[in-house]
K.L.:
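Sharing a structure, written as structure tokens. Questions coming.
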Amino acid sequence: MSVLEENFKRINLKLQQLLKQLHVLQVENGQLALDKKKLAEQRENDQAHITQLEQQVAILKSAAGQLSDNDKKSFEKNINQYIREIDKCIGMLSE
């Protein structure tokens, strides 16, 4: 076998190995993309749950009368925002 043929076979073998490695990396990339999406959804769910728990803590503190001045202002701000949203909804329903 000539040197040229040996070089060609060696290059062809390396090319096949690179193609196999490319396929493995593409599969891994797809899996990582799915994992990233799942983690982003989980983070969003966790953040919503944290917000809900923080609201419950504020309500419980308010009911127990343990709110500081800043907490009272924040709580009143949230209540006023809810009232504005409810008023908007009522306005939309009455149209």
Side-chain angles (χ1 to χ4, degrees):
M1 206 179 324
S2 72
V3 175
L4 183 60
E5 288 176 353
E6 288 178 20
N7 286 339
F8 180 73
K9 285 184 180 181
R10 190 171 43 102
I11 290 171
N12 192 22
L13 179 64
K14 287 184 179 185
L15 179 61
Q16 293 298 322
Q17 290 172 343
L18 286 173
L19 288 173
K20 287 179 185 178
Q21 186 178 12
L22 173 66
H23 178 69
V24 169
L25 289 174
Q26 286 174 334
V27 169
E28 182 182 356
N29 190 31
Q31 184 62 43
L32 289 173
L34 287 175
D35 291 346
K36 179 183 174 186
K37 183 178 178 182
K38 287 178 185 177
L39 287 172
E41 290 173 358
Q42 183 64 41
R43 182 173 186 243
E44 186 177 316
N45 290 339
D46 290 346
Q47 190 62 39
H49 187 70
I50 288 170
T51 302
Q52 181 184 12
L53 291 175
E54 287 173 344
Q55 289 174 351
Q56 289 177 357
V57 166
I59 291 169
L60 289 172
K61 281 183 178 181
S62 173
Q66 298 177 351
L67 287 177
S68 68
D69 289 337
N70 289 338
D71 289 338
K72 284 180 185 177
K73 289 178 184 178
S74 176
F75 185 72
E76 288 176 4
K77 182 179 177 183
N78 286 338
I79 294 295
N80 288 335
Q81 181 180 355
Y82 291 139
I83 291 171
R84 283 192 298 274
E85 289 178 17
I86 291 170
D87 287 341
K88 286 180 186 177
C89 292
I90 292 171
M92 293 170 87
L93 289 173
S94 64
E95 290 180 356

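This one's a predicted model, so the numbers in the text were calculated from it and none came from an experiment. Just so you know, these numbers use all the heavy atoms, side chains as well, and skip hydrogens, waters and symmetry mates. Residue numbers start at 1 and run along the sequence shown.
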K.L.:
Any chance you could measure E28, atom CD, to D35, atom CG, to the nearest 0.5 Å?
P.N.:
10.0 Å

K.L.:
Taking side-chain contact (heavy atoms from CB on, under 4.5 Å) as the definition, give me every residue that meets it alongside Q56, ordered by chain and number, with sequence neighbours left out.
P.N.:
Q52, L53

K.L.:
Hey, could you give me the CD/OH distance between Q55 and Y82, rounded to the nearest 0.5 Å?
P.N.:
3.5 Å

K.L.:
Measuring from atom CD of Q17 to atom NZ of K14, what distance do you get when rounded to the nearest 0.5 angstrom?
P.N.:
8.0 Å

K.L.:
Please round to the nearest 0.5 Å and tell me the distance separating atom CG of L15 and atom CZ of F8.
P.N.:
9.5 Å

K.L.:
Is a donor from one side chain sitting under 3.5 angstrom from an acceptor on the other, for D46 and Q42?
P.N.:
yes

K.L.:
Out of curiosity, I83 CD1 to D87 CG, how far, rounded to the nearest 0.5 Å?
P.N.:
7.5 Å

K.L.:
Applying side-chain hydrogen bond (donor to acceptor under 3.5 Å, both in side chains), can you list everything that pairs with Q16, at least two apart in sequence or on another chain?
P.N.:
none

K.L.:
Ignoring hydrogens and angles, state whether a donor on the side chain of N80 or E76 is under 3.5 Å from an acceptor on the partner side chain.
P.N.:
no

K.L.:
If you measure from CG on L93 to NZ on K88, what distance do you get to the nearest 0.5 Å?
P.N.:
14.0 Å

K.L.:
Using the rule that Ile, Leu, Val, Met, Phe, Trp and Tyr join whenever any side-chain heavy atoms are under 4.5 Å apart, tell me whether F75 and V57 fall into a single cluster.
P.N.:
no

K.L.:
Listed by chain and number, what are the side-chain contact (heavy atoms from CB on, under 4.5 Å) partners of I90, not counting sequence neighbours?
P.N.:
I86

K.L.:
Got a sec: does the CD of Q21 have more than 12 other heavy atoms crowding it under 6.0 Å?
P.N.:
no

K.L.:
State whether the side chain of T51 and the backbone N or O of Q47 hold a donor-acceptor pair below 3.5 Å, judged by distance alone.
P.N.:
yes

K.L.:
Which residue, R10, K9, E5, forms the side-chain hydrogen bond (donor to acceptor under 3.5 Å, both in side chains) with N7?
P.N.:
R10

